[in-house]
Amino acid sequence: MSALSLALFLSLTQAATAGCQGEKVVLLPFDTVALSRAETRALEEAARRAVAATPGVCLESRADTVERLRALGPGALACEGSQCLGARGVAPGAAWLVRGVALGLGGGRSVVLSLVDSLGWESRQTFQLPGVNAEPGEAEAKSRQSFKTLWTARPSARGAVAERTAGVEKPARVWPKVLLAAGGAALAAGVGFGMASRRAESRLSAGNAGCAGDGEAFRACLDGKLRDGRRQAHTANVLLGAGALLGAGGTFFLVWELP
Amino acid sequence: MKFSPSASLVTLWVFLLATLPASAASEDVAYALIVAHNGGLDRSQAPLRYADDDGARYHELLAPRVKEAVLLSVLDEETQVLHPGLAAKTRPPTRAALKEALTRLNARMAEDRARGARPVLYFVFTGHGKRGAAGEGTVSLLDGPFTRTDLFEGVLAPSQASFVHLIVDACDSYYFVHSRGALPVGPTQAAAVKGLLAMRELERYPQVGVVLSTSTEQESHEWSAIRSGVFSHMVRSALAGAADVNADGRVEYSELHAFVAAASQGVEDVRGRLAAFVRPPALDRSASLANLGARAAVGYLLMPRGVEGRLWVEDDRGLRVAELHKERERSLVLALPTGRGYFLRMAGREAPFTFSRAGAVVDGGGLPWRETAFAARGAVQDALRDKLFSVPFGSRFYRGYVANLELPPVAPEEGPDLSP
C-alpha cells in the first residue's frame, strides 16, 4: 500500500463528519421480519440516537446513507461483512458499519444489532422489548447498552491494523532477509575464493609456488597448483554471481513489501 | 317502501362503523385436532412407519401455538421413546374418540365465539388413504374407514370454527375432500385438480381451507432419514416460518403452496416426486396458516441476510424439525418448540443452539459453526437427500409460481425503509 493510499484511507476513516472527532460509523436502515415499517423505523431511530451518543463515534446522517443506498440500488444491501465497507460498498470509507434486524415475534419486539469493521471483524447483540407497555425510551436505552457492548468489544482500529499487518506480513518478510543474507554470504565466500585464487596466481607468477624437486614431479606439482588456482577462481566467480543475484532479489522483495 | 341511495350509503357507513371495531378487536383462538394412524384400510395396504411420528410432530409444532391440541393416535414404541409423556395425552384414533374430541372442541369454540373471539381449527390427518370404487376418498382409522361423507357431515358441518385449516397427508387424500368431475389418473393431477375446483361440497364451507398431498405412491410418503412423511415435513417446515416469503410473519396458503413446490422441484424420480393441492378458505383467501407475530410458547431462530443454501434444524433427538433452501437476500425466522437443544445444519457443517425461554430469539448469524458429516442410503433416499429443497425458495420463485395459480399473491416484501 502506498503512502498516498494510506493517507487517503486514514483521512476517510478519521473524522469524516465535519467537526466530529472520532471514527466514521454508518448505520444501515433496519431489515425487518413480522413488524410494521413504522415500528421498524422507530426502533432504528432509537438505535441511531444510541450510536450517535457514543463517545468516539461519528455517525453518518441517515439522509446521506439513504441517498447513497438509493443510488446503489436494492441489491447493494445484500453485501456481507467487510465487503460493505469497500470502495463500492454501502459504506465506503467508513471504519465501522452497524446493521440491524427488527423483529415482531410472539407478541414482543426484538432487535439484532451487528457491528462490522473493514477488516472482517464482526460482533452481534440481541435485545428484546415488550410488545405492549414498553417504557418510553426503553428501546433507546437497550440500544445504547447493546451498542456499548459491541463498541467496547471491538479491536481498536489502529491496534487491529497493526496486529493484522504484523500477522500477515511476518512470514512474507522473512524471504527478502533470507535472500539478502544468502546473497551476502555468497559474496563474502566469493571474495574469499577470489583472494585465494589471486594469491595462487601471484605465487605461480613469482616463483615455484612452493613446489620442490625437478622433472616430472615438479611439473605435476605446478599443474596441481594451477588447477587449484583455476578452481578457486571459478568458484569465486560462481559465488560472486550468485551473491549478486540473491542480493538483487532480496533487495527487490524488501522494497516490494514496504508498506 | 322506497329506499334512497343516500339512505343506503348511510346504512352502509353505520354498518361499517359498527362492524369494523368489532372485527379489529377480535382475537384468534386456535385449536388443533390431529389424527394419525399407521394402519391400512385393508390387507393390501402395508402399515405406514411414520404416520404416528408425523402426528406427534404436528402436535409438537401446533401445541405451543394453540389453546388446545388433541392427538388421536397409537404411538409405536420408538415414537413413544422419542416423545416421552405424549402417549399419556393421546387417545386412540377411533370414530368415537374423534366424535368426542370434536364435540368438546366445538363447545369451546362456541364459547369463544360468544365472547367475540375468532376460533380457528387445524384438522390434521396423517395415515393411509384410499379411493373407493365410487370415487369417494377414505382415510383409515383404528376401527375402520372414515369417508369423505363422514368428513363433511361429522367434522366440517358441525364445526364452530370461524376458519378450518384441513391438512391431509395420505395416499389419494385428494379424493378424501373432492368427489366430482373426471377422476385424476397417475401422479400428474394438476389439470384434473384444477377442473375439480368447482365441486359442490367444499363450496358450501367457505371457511375451510385445504392442504392436501396428492401423491399416489406410498414410497414417496415416508423418508427414514427424517422419520417422517416427506409432504408433512415440508408442511411443518412451511408452518414453522420457512415459507414466509415476504417476511411479514404470516404464512398464507399461496406461500405454503409455492414452498412445497420449490422444495420438491428438483426431485426427478417419480417415486419421490410430490404434488400438493392447496386451496385457501373462500371467505378469506389471504387467511394465514401460521402467524409468527402472535403470542406463542415457542422460540425464534433468525436467519438473517447473508445466510444461504439448504439448511435444516435438527433437535437433540436427531429429528429434523424444519428444512429449507434459503436465498441470501432475505431474512427469515423459524418458530420452534422450546425446552430442547437444536442444531442448525448444512452440508458438512452444524451450529448448536438452544432457546433460554419461550419467546427468546436466537440470532442464526452469530452461531458458532463446526465441521460435521451425515449419511443416508438407498435410491429414493439419495434422490430425496440430494434433490429435496435443492431449489432456493424466495420471492423470485414465489412470484413465478403463484402467477400460474388461482391464488392471491402476498404483498411483496417491503425491504428496508429507504425514505429520508
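Labels below follow one simple rule: chain letters A, B, ... track the order of the sequence lines, proteins then strands, and each chain is numbered from 1. Side chains included, hydrogens not; waters and symmetry mates left out as well; all remaining heavy atoms used.
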Review point. Between B/Ser331, B/Pro304, B/Gly249, which residue shows the highest count of heavy-atom pairs closer than 4.5 Å to chain A?
Key: B/Ser331
Practice item. For the residue pair B/Pro416 and A/Glu44, establish whether any side-chain heavy-atom pair is separated by less than 4.5 Å. Key: no
Revision key, fill the gap. Looking only at B/Leu332, B/Val362, B/Asp363, most heavy-atom pairs under 4.5 Å shared with chain A are made by B/Asp363
Study note, to complete from the structure: Ranked by heavy-atom pairs below 4.5 Å to chain B, first place among A/Thr126, A/Asp31, A/Val112 goes to A/Asp31
Check your understanding: Do other residues, nucleotides or ligands put more than 12 heavy atoms under 6.0 Å from the NZ atom of B/Lys67?
Key -> yes
**Study point:** Max heavy-atom pair count under 4.5 Å with chain A, selected residue of B/Gly365, B/Gly306, B/Gly359
**Key:** B/Gly365
Point to revise | Residue pair B/Ser419, A/Arg37: steps toward the side chain to side chain donor-acceptor pair (under 3.5 Å) verdict | key: CA-CA 11 Å; B/Ser419 63; A/Arg37 184 163 269 209; 5.8 Å; no
Review point. Is any side-chain heavy atom of B/Met303 less than 4.5 Å from a side-chain heavy atom of A/Val33?
Key: no
Practice item. For each of B/Arg330, B/Arg328, B/Glu329, tally heavy-atom pairs with chain A at distances under 4.5 Å, and name the one with the top tally. Key: B/Arg328
Review point. Out of A/Ala34, A/Ser36, A/Pro29, which one racks up the most heavy-atom pairs below 4.5 Å with chain B?
Key: A/Ala34
Check your understanding: Any side-chain heavy atom of B/Glu414 within less than 4.5 Å of one from A/Thr32?
Key -> no
Practice item. Measure the OG1-CG distance between A/Thr65 and B/Leu418 for me, rounded to the nearest 0.5 Å. Key: 10.5 Å
Exercise for review: Return the option, out of B/Pro420, B/Ala358, B/Gly415, with the maximum number of heavy-atom pairs under 4.5 Å with chain A.
Suggested key: B/Pro420
**Study point:** Expected output: side-chain B/Tyr300 to main-chain A/Leu103 donor-acceptor under 3.5 Å
**Key:** no
Check your understanding: Could you go step by step and tell me if A/Thr40 and B/Asp417 meet the side-chain contact (heavy atoms from CB on, under 4.5 Å) rule?
Key -> CA-CA 8 Å; A/Thr40 304; B/Asp417 180 4; over 6 Å; no
